Structure formats: C-alpha cells, structure tokens
Amino acid sequence: MGKVALITGITGQDGSYLTEFLLGRGYDVHGIVRRSSVFTTERIDHLYKDRHESGVKLHLHYGDLLDAISLRRIITQVKPDEVYNLAAQSHVRTSFDQPVYTAEVVAIGTLHLLEAIRDYRDSTGHEVRFYQASSSEMYGRVREIPQNEFTPFYPRSPYACAKIHAYWQTVNYREAYDLFACNGILFNHESPRRGETFVTRKITRAATRIKLGLQETVYLGNLDAKRDWGFAGDYVQAMWLMLQQQDPDDYVVATGETYSVREFLTEAFGYLDLDWEQHIKFDPKYLRPTEVQILQGDASKARNLLGWKPSVNMRDLCRMMIDADMKLAERERTLVDAGFVV
Ligand code: NAP
Ligand code: G4F
C-alpha cells in the first residue's frame, strides 16, 4: 500500500506542486477544497481525474480550516500518514485589512487541525506526520542577516503574528504530545502559478502584457524591499523531506540570495527589452503600515540534514515566469485582435 497524504490549501500554488510531487511518488493524495461559487481548482485540474475512472489517486473533499468538524470527519475518512497544512489567508497586505479573519484561519485553523490529528492518533494508534507552512515573514524586523532557525521572530503584520502562533503550536504539539510535527520556515517562493497579486507575478504578468500592447502601466508600492526568492517546485520537496526524517524538527528553506523588487523589475523588463521606468507608477495603496525590508535565509540545516538545495536562482525563476506569462498574454492578444474584451 502506498502512503496517504492530506493537503490543506491544495488549490494554492504550493498545494499544486506538492500534489504533483506526491502523486509522482505513488501517494494517494487527498485535498481539502473550500466551497466557492466559482471553480478554484485551476492549478490542479491537469492532475484531476473523475472519481468514476480507474486508478484515481487524487481525491478532493469539501472542508475549511475554520470548520473543525469537517477537518475531523475528513481525517477519520482519509486516515492520512502525512498532513501538509498549506491553507492560509497568505497575503500579507490583505492581513492588515482582515486581521481577525487572518488570525482565525492561520492560527486557530492550524490549532483545529492539530487537535483533530492528536485525537485521531490517540484513538486509533495511527501515527500521523504533520507539516506546518511557517514563513520567513515571522522574522519581520530583522537584526541579523541571514536568518536561520535560531534567529528571533519580530512580526510586522497580522499575518506574521498568526503564523508565529501556528509555529509555536506546532512545536508544542511535538513536545507535549509526541506528535511528529515539523515547521518549514519557507522564504518567498514563486512560480508561473503564483497568485497574481504577489509582487513577482504582478510584475511578470504586467511586463508581458505591456510587451504585447495590452496595457501601458503597472502600479506598485515599495520597490526597495528585498526578498530571498526561490522556485515553489523546489520548496515542496523540502516539505516532503522533513516528514521522511527519523525525528521531527524545524527547517529554514531559502536560496541564500536576496534581491530588491527594483532588481526583479530590471530582470523582468530587461528580459523583454523594456525599460521598467517607463511603465511603473507608485500607488501608496500597496504600501504596508509596517514593512519587512529584507529577508535572506540560511538553509544550511536543510542542506546538511535533508540533503535539500534549490535548483533555480532569481534570474531563471523570473525568466520561467515571463515565458509562461507571455503565453497567457499571447492568448489575450489573439482574443483582443478578434474583437473580444479581456
Ligand atoms: P496560496 O497560493 O495563497 O494558497 C493558499 C491556499 O489556502 C489556497 O488553496 C486557499 O484556497 C486555501 N485556503 C485559504 N483559506 C482557507 C480556509 N479557511 N480553509 C481551507 N483552505 C483555505 O498560498 P501558497 O503560496 O501556496 O502558500 C502555501 C502556504 O505556505 C500558505 O500557508 C502560506 O502562508 C505559506 N507560505 C508561503 C510562502 C510563499 O512564498 N509562497 C512562503 C512561506 C509560507 P482557495 O483556493 O479557495 O483560496
Ligand atoms: O510578493 P509580496 O506580496 O510577498 P510577501 O509580503 O513577502 O509575502 C509572501 O512571502 C511570505 C514569505 O516571506 C509568505 F509567508 C507570504 O504568504 C507571501 O507568500 O511582497 C513582497 C514585497 C513586499 O515588501 C511588498 O511591500 O514586495 C513589495 N511590493 C511592492 N509593490 C509589493 C507591491 N507587493 C505586492 N503584493 N504588491 C505590490 O504592488
């Protein structure tokens, strides 16, 4: 029998890459999907087979991190060996507009899940390994560069405060209840599947549309912020590796390199022979009340203990995203030329 994994946040960027990775390793993958009036499964549609076909390995269940009963029911039905908690209101700027909701999903939602797993393990004797999607955003106002597993947290957003709550709950369930629970402290990771309101994807979408004459301008906020950007496809492998170890632990996952938003812009627009300064305008709406100015990770522990290392640097990541977004822009151009409004 292959292993069974349960993924919260399966419809998100990381959920889709992790699903691909686990299916490739023979797992039965179950994912929790929120009910919505529109389809939200675009990122995993290429993996999904109708349940009436044979050999179906990907199964979706309606549920929500805010609905503890649904989590308990799904865990009892699915009997997972590994649970990956990727679900979150993951947008930092939005967390200032919806702090309570963000805390409920990110902090209390994680607690609902940990409680459900603990009770399931205790009543069945079935060991469940747990991965928590912790974030470099927790370092916030950094005093040391680069950041590693010992760097103190100093959160600068409601999102980061909630992630720190979930981080420590994960540690506490490991220590108090002997749960195999790990935190992956992941630095920013991007891909062609990145949500379009995160800065890298906003830039690659805009640059390709500008190149094809579909728009003129893009509005951005703080161009001086620096991030350690890696490729999401690499980072989900680190999540899996953490759950395959002898003992549970917490790991930083990062490239070790940091670049400003301005440098990312230069790379993206330069690749298309465009001058970004002709197309970028400032909008204070995109500033945060408190900003994280610089993140740069030290992933030595993951490299030494998990044998993990990133395979894509910022330049190649940016070009991968531009190449994918150019295909989208070309399709939009074709529609516009045929008289459709996009
Ligand atoms: P994402 O693309 O925003 O995906 C978030 C996922 O969570 C989506 O599937 C979303 O469902 C789901 N979700 C949101 N609220 C939920 C709820 N109440 N109940 C159940 N599901 C819910 O995020 P990502 O970039 O893949 O990141 C995955 C995780 O890693 C997140 O926890 C994020 O905070 C964390 N993280 C991300 C990064 C990064 O750079 N990407 C770095 C560090 C940590 P819908 O599709 O229905 O919206
Ligand atoms: O792309 P961002 O929105 O990512 P941010 O805030 O670093 O958060 C992402 O990474 C975290 C890991 O550290 C995750 F935990 C979190 O879930 C998320 O995936 O913004 C990056 C930087 C910020 O400094 C922001 O102020 O870009 C700056 N920025 C400048 N103009 C902008 C914009 N960010 C966005 N989203 N939109 C802008 O127009």
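Heavy atoms only: backbone and side chains are in, while hydrogens, waters and symmetry mates are out. In listed order, ligands and their atoms are each counted from 1. Quantities reported herein were computed from a predicted structural model and do not represent experimental measurements.
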Exercise. So F153 and Y167, would you call those rings parallel, tilted or perpendicular, with 30° and 60° as cut-offs?
Worked result: perpendicular
Exercise. Taking the inter-plane angle between the rings of Y235 and W308 on a 0 to 90° scale, is it parallel (under 30°), tilted (30 to 60°) or perpendicular (over 60°)?
Worked result: perpendicular
Problem set entry | Which residue and heavy atom of the protein sit nearest atom 39 (O) of ligand 2, plus the separation | K202 NZ, 2.8 Å
Problem set entry | For atom 36 (N) of ligand 2, closest protein heavy-atom neighbour | T197 O, 2.9 Å
Problem set entry | Cationic tip of R193 above Y17 ring, under 6.0 Å, 45° of axis | yes
Exercise. Considering only heavy atoms of N222, which atoms of ligand 2 have at least one such atom less than 4.0 Å away?
Worked result: 28 (C), 29 (N), 30 (C), 31 (N)
Exercise. Among protein heavy atoms, which lies nearest atom 13 (O) of ligand 2, and at what distance?
Worked result: S136 OG, 2.6 Å
Exercise. Going through the checks in order, is the side-chain contact (heavy atoms from CB on, under 4.5 Å) test met by D234 and H189?
Worked result: CA-CA 9 Å; D234 284 342; H189 45 280; over 6 Å; no
Exercise. Does K202 make a cation-pi contact with Y219, if we ask for NZ or CZ under 6.0 Å from the ring centre and within 45° of the axis?
Worked result: no
Seminar exercise, completed: Note: ligand 2 atoms sitting under 4.0 Å from heavy atoms of Y159 are 14 (C), 15 (F), 16 (C), 17 (O)
Exercise. What do you reckon, does V92 have a nitrogen or oxygen under 3.5 Å from a nitrogen or oxygen of ligand 2?
Worked result: no
Problem set entry | Of the listed options Q293, Q89, R288, closest to atom 2 (P) of ligand 2 (non-hydrogen atoms) | R288
Exercise. Of all the atoms in ligand 2, which lie at a distance below 4.0 Å from a heavy atom belonging to A225?
Worked result: 24 (O)
Problem set entry | Residue-ligand contact E137/ligand 2, heavy atom below 4.0 Å | yes
Problem set entry | Polar atom proximity, T200 to ligand 2 (N or O, under 3.5 Å) | no
Problem set entry | Residue L295 vicinity, atoms of ligand 2 by number, heavy atom under 4.0 Å | 13 (O)
Problem set entry | Sub-4.0 Å atoms of ligand 2 with respect to non-hydrogen atoms of S90 | 16 (C), 17 (O), 18 (C)
For this session: Using a strict cut-off of less than 4.0 Å between a Lys/Arg side-chain nitrogen and an Asp/Glu carboxylate oxygen, indicate whether R319 and D323 qualify as a salt bridge.
Result: no
Problem set entry | Any donor-acceptor N/O pair, E82 side chain to A5 backbone, under 3.5 Å | no
Problem set entry | Under 4.0 Å from ligand 1, counting heavy atoms only: the protein residues, by chain and number | G9, T11, G12, Q13, D14, R34, D64, L65, L86, A87, A88, S90, V105, A133, S134, S135, Y159, K163, L186, F187, N188, H189, R194
Exercise. What do we get for V199 next to ligand 2 when only non-hydrogen atoms under 4.0 Å count, side chain, backbone, both or neither?
Worked result: both
Exercise. What residue and atom, counting heavy atoms only, is the protein's closest point to atom 31 (N) of ligand 2, and at what distance?
Worked result: G221 N, 2.9 Å
Problem set entry | Centroid-centroid distance, W240 to F21, less than 6.0 Å | yes
Exercise. Do NZ/NE/NH1/NH2 and the carboxylate oxygens of K211 and D273 come within less than 4.0 Å?
Worked result: no
Exercise. To which of R227, H189, K285, Q13 does the heavy atom nearest atom 23 (C) of ligand 2 belong?
Worked result: R227
Problem set entry | Ligand-residue contact atoms, ligand 2 with R194, heavy atoms, under 4.0 Å | 9 (C), 18 (C), 19 (O)
Exercise. With atoms numbered from 1 as shown, which atoms in ligand 2 lie under 4.0 angstrom from a non-hydrogen atom of Y286?
Worked result: 38 (C), 39 (O)
For this session: Could you tell me whether a side-chain N or O of R43 sits under 3.5 Å from a main-chain N or O of T11, the two making a donor and an acceptor?
Result: yes
For this session: Side-chain contact test, heavy atoms from C-beta onward, threshold under 4.5 Å: evaluate it for D298 versus F187 and give yes or no.
Result: no
Problem set entry | Near-ring test F264/F269, centroid separation under 6.0 angstrom | no
For this session: Identify whether NZ of Lys or CZ of Arg in R118 sits under 6.0 Å from the centre of the six-membered ring of Y177 and within 45° of that ring's axis.
Result: yes
Exercise. Where is the nearest protein heavy atom to atom 9 (C) of ligand 2: which residue, which atom, and how far?
Worked result: N188 ND2, 3.6 Å
Exercise. Which protein non-hydrogen atom lies closest to atom 11 (C) of ligand 2, naming both residue and atom, and how far is it?
Worked result: S135 OG, 3.7 Å
Seminar exercise, completed: Taking only non-hydrogen atoms of E291 and a 4.0 Å limit, the atoms of ligand 2 in range are 23 (C), 24 (O), 25 (C), 26 (O)
Exercise. Closer than 4.0 angstrom: is that true for some heavy atom of K163 and an atom of ligand 2?
Worked result: no
For this session: Indicate the ring-plane relationship of F198 and H91, choosing parallel, tilted or perpendicular according to the 30° and 60° boundaries.
Result: tilted
For this session: State the CD-CG distance between E330 and D325, to the nearest 0.5 angstrom.
Result: 11.0 Å
Exercise. With the threshold set at 4.0 Å, does a side-chain nitrogen-carboxylate oxygen contact exist between E127 and R129?
Worked result: yes
